[in-house]
Amino acid sequence: MASPTCSADTLAAMFGGNTTNADGAAAFICDQFNTISTKFSDTTYAVDSTYLLFSAYLVFSMQLGFAMLCAGSVRAKNTMNIMLTNVLDAAAGGLFYYLFGFAFAFGTPSNGFIGKHNFALQNMPSSDFDYSYFLYQWAFAIAAAGITSGSIAERTQFVAYLIYSAFLTGFVYPVVSHWFWSVDGWASPTNMDNLFLGSGVIDFAGSGVVHMVGGIAGLYGALIEGPRIGRFDHSGRSVALRGHSASLVVLGTFLLWFGWYGFNPGSFVKILSPYESGSYYGQWSAVGRTAVTTTLAGCTAALTTLFGKRILSGHWNVVDVCNGLLGGFAAITSGCSVVDPWAAVICGFVAACVLTGFNKLAEKMKYDDPLEAAQLHGGCGAWGIIFTGLFAKEKYVNEVYPGKPGRPYGLFMGGGGKLLAAHLIQILVIIGFVSATMGPLFLILKKLGLLRISAEDETAGMDMTRHGGFAYVYHDDDDQKLGLPMRKIEPAVSS
C-alpha cells in the first residue's frame, strides 16, 4: 500500500494569486498531512510487531505443553528427566539459534541452500528483520527439538540430549527452514526470482519444516537406541508401558492447542495488510480463517481417533484421543492458510487414520516411541504436505503469496499437479537431509557410548540414578503398586 504524499508546490499553485502567502500555507498543510501519514506508518509497524510478539509468546507456551505431555506419557520414575530435557531444549536451542541458526535460516542475501549473514543477530534490526522475528523463529526451532525428545525418552543419556538439541536447532532445522521459508530458499514460495516448479512449496507453518524434521530426527534416535526394556516380551509381543499421568497428558494437549493459535495464524507475521483497501476483508480475515481451519482439523482428528480406537480396542482412551488431536494439528499446519474450513475436516479425518496406521506399523516393526512422536509429527506432517498440494484454493494462494498471478494450486481444486509435485519433492528432500545429518549423529553418539543409559539405570529410573531423586513423594503402598524401590516417609518428630 503506497503512502499518501503532499506537494507544497502543487498546493501553492491551487491557491491562486489572492493568497497572501501561498507557499507558506501549502507547506504548513503538507507538513501536517505528512505528520499524520507518518503516525499511521508507525502504528502499522507497532500493530504488526505486537501481533508477532504475541504469537511468539503463544508458540513458546507450547514448550510447557510439550513438557506436560512428555511427563504424563512416561513412567513416574523418569518424570524429572524428561521435564529437564524440555527445559534445556529451550535453553540450549536459544543460544545456538542465536549464534548460528537464525543466520543459516534467514541470513539474506544468500544462496538457495543456506543463509550466511546475521550471525549472533548482527545488523539487527534492519529493513528485513526486527528482533521480534528472531524470537518467533526461535520458538519454532525449539518446538522441533521438543518433538525429538519425546521419541527417545526414558533411555537416553543426558549429554546426548544436549548434543542433538544443539545440532538440530543450530544447523539441521535452520537449513530446512531456509529452503522453504527464506526469500532466497531454492523451494521458497517467496523466491520470486526462481519459483520452484512455478509455485514453490507452500508449507505455511511447518508440517514439513518443523514436524517432519522433528519426527524423522526422533525416528532415527529411537531406531538406533532400540526399544525400552520390557517394551516387547521374549516372544516379540507388544507390552504397553503406559505413562503415569493421563491428567498431565490432557493438560499438555490443551496447552499445545492454545499455543497452536500462535503457531499457525501467527505465521502470517503481520496482520494489518488489507487485500482490498477500505474493505472489511483483509489479512485479518485470513488470520481468522487459519485459526478456524486449525481448530476443525484437530477436532475432527480427535473424534475420529475416539471412535476408531473404540472399534479397535473396545475402550474410550483419552491419551489416544489427545494424540489424534495433535496429529490433526500437525497435518493442517502446512495448508492452514490456503484451504477452506470444509477441507480442514478432511485433513483431520485422514490424519487420524494415518496416525493409527503408523502406530500399527511401529508395533509390528518393534519400534518404540513413548510419545508416538515420529508417527504423529513425521507421518501426519507428511500427510499435511500432500493435503496442501491437493486442496490449496486459488484465491487464498494468491492472497497469502501475492506478486505472482497464476500460481499453481491444489490438484483437487483444479490447479494441476505442479504444487503437489513440489510437495512430494519436499517430503523426499526432508527425509533425505534429516537422515543424512541426524542418523550419523545418533550413530556416533552410540559408538562413543554417549547415547543410551545402562540397563540398571533404565530399570531403576533416571530420576533416582541421574537426577538425585524422584519427582513425587510416595509412601509404601504407592511404591509397591508402581514397583519402585522407595522408602516410607515417616512423620516428623515434634520437639
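No experiment lies behind these values; they were computed from the predicted model shown. Below, all heavy atoms of this structure are taken into account, side chains as well, without hydrogens, waters or symmetry copies. In what follows, residues are counted from 1 in the order of the sequence shown.
- Annotation: side-chain hydrogen bond (donor to acceptor under 3.5 Å, both in side chains) contacts of Y220 (sequence neighbours excluded): S435.
- Sorted by first then second residue, the ring-ring contact (aromatic ring centres under 6.0 Å, His included) pairs that include residues 265-310, not counting sequence neighbours, are F204-F268, Y275-Y281, F307-W316.
- With ring centers used as reference points, F102 lies under 6.0 Å from F129.
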Residue pair L326, T253: steps toward the side-chain contact (heavy atoms from CB on, under 4.5 Å) verdict: CA-CA 7 Å; L326 297 176; T253 300; 4.3 Å; yes
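- Judged by distance alone, the side chain of S188 and the main-chain N or O of D184 form no donor-acceptor pair under 3.5 Å.
- For the residue pair W260/T333, the side-chain donor-acceptor check at 3.5 Å is satisfied.
- Within the structure, salt bridge (charged side-chain N to carboxylate O under 4.0 Å, His left out) contacts touching residues 332-342 (residues at least two apart or in different chains) are D340-K393.
- Taken from CZ in F349 to OG1 in T305, the straight-line distance is 10.0 Å, to the nearest 0.5 Å.
- Among residues two or more places apart in sequence or in another chain, the side-chain hydrogen bond (donor to acceptor under 3.5 Å, both in side chains) test is passed with W257 by Y261.
- Between H211 and H377, the ring planes are parallel. Angles under 30° get that label, and only those over 60° would be called perpendicular.
- Side-chain atoms of S267 come within 3.5 Å of backbone atoms of F263 as a donor-acceptor pair (strictly under, hydrogens ignored).
- Listed for the N118 side chain is no donor-acceptor partner under 3.5 Å among the backbone atoms of G107.
- A donor-acceptor contact closer than 3.5 angstrom is absent between the side chains of N264 and T290.
- Side-chain contact of N359 with E372: a donor-acceptor pair under 3.5 Å is present, judged by distance alone.
- For the atom pair CG of L451 and CD1 of I152, the computed distance is 7.0 Å after rounding to the nearest 0.5 Å.
- The ring-ring contact (aromatic ring centres under 6.0 Å, His included) with Y133 is formed by just one residue from the set F140, F106, W181; it is F106.
- Aromatic ring pairs are classed by plane angle as parallel below 30°, tilted from 30° to 60° and perpendicular above 60°; the pair F119 and F100 is perpendicular.
- Close placement of the W186 and F196 rings is indicated, their centers lying within 6.0 Å of each other.
- Distance check: C336 SG to I202 CD1 gives 11.0 Å after rounding to the nearest 0.5 Å.
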Residue pair W342, F391: steps toward the side-chain contact (heavy atoms from CB on, under 4.5 Å) verdict: CA-CA 10 Å; W342 61 264; F391 289 94; 3.9 Å; yes
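- Distance CG/L168 to CG/D89: 8.5 Å, rounded to 0.5 Å.
- For F60, the ring pair (Phe, Tyr, Trp, His ring centres under 6.0 Å) test picks out W138, with sequence neighbours left out.
- Residue pairs meeting the salt bridge (charged side-chain N to carboxylate O under 4.0 Å, His left out) criterion with at least one member in residues 395-416, sequence neighbours excluded, do not occur.
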Full working for side chain to side chain donor-acceptor pair (under 3.5 Å) between S177 and Q137: CA-CA 10 Å; S177 60; Q137 294 299 335; 5.9 Å; no
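- In this structure a side-chain-to-backbone donor-acceptor pair under 3.5 Å is present from Y164 to S149.
- Here H178 and Y173 keep their ring centres 6.0 angstrom or further from each other.
- Here the side chain of S207 pairs a donor or acceptor atom with the backbone of S334 at under 3.5 angstrom.
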Candidate pair Q426 and D203, rule side chain to side chain donor-acceptor pair (under 3.5 Å), full reasoning: CA-CA 9 Å; Q426 181 195 16; D203 189 6; 2.9 Å; yes
Full working for side-chain contact (heavy atoms from CB on, under 4.5 Å) between I82 and Y161: CA-CA 10 Å; I82 196 66; Y161 280 112; 4.3 Å; yes
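- Judged purely by atom type and a 3.5 angstrom limit, D369 uses its side chain to pair as donor or acceptor with the backbone of L371.
- Looking only at atom types and distance, the side chain of S238 has a donor-acceptor partner in the side chain of R231 under 3.5 Å away.
- One N or O on the side chain of Y136 and one on the backbone of G262 form a donor-acceptor pair closer than 3.5 Å.
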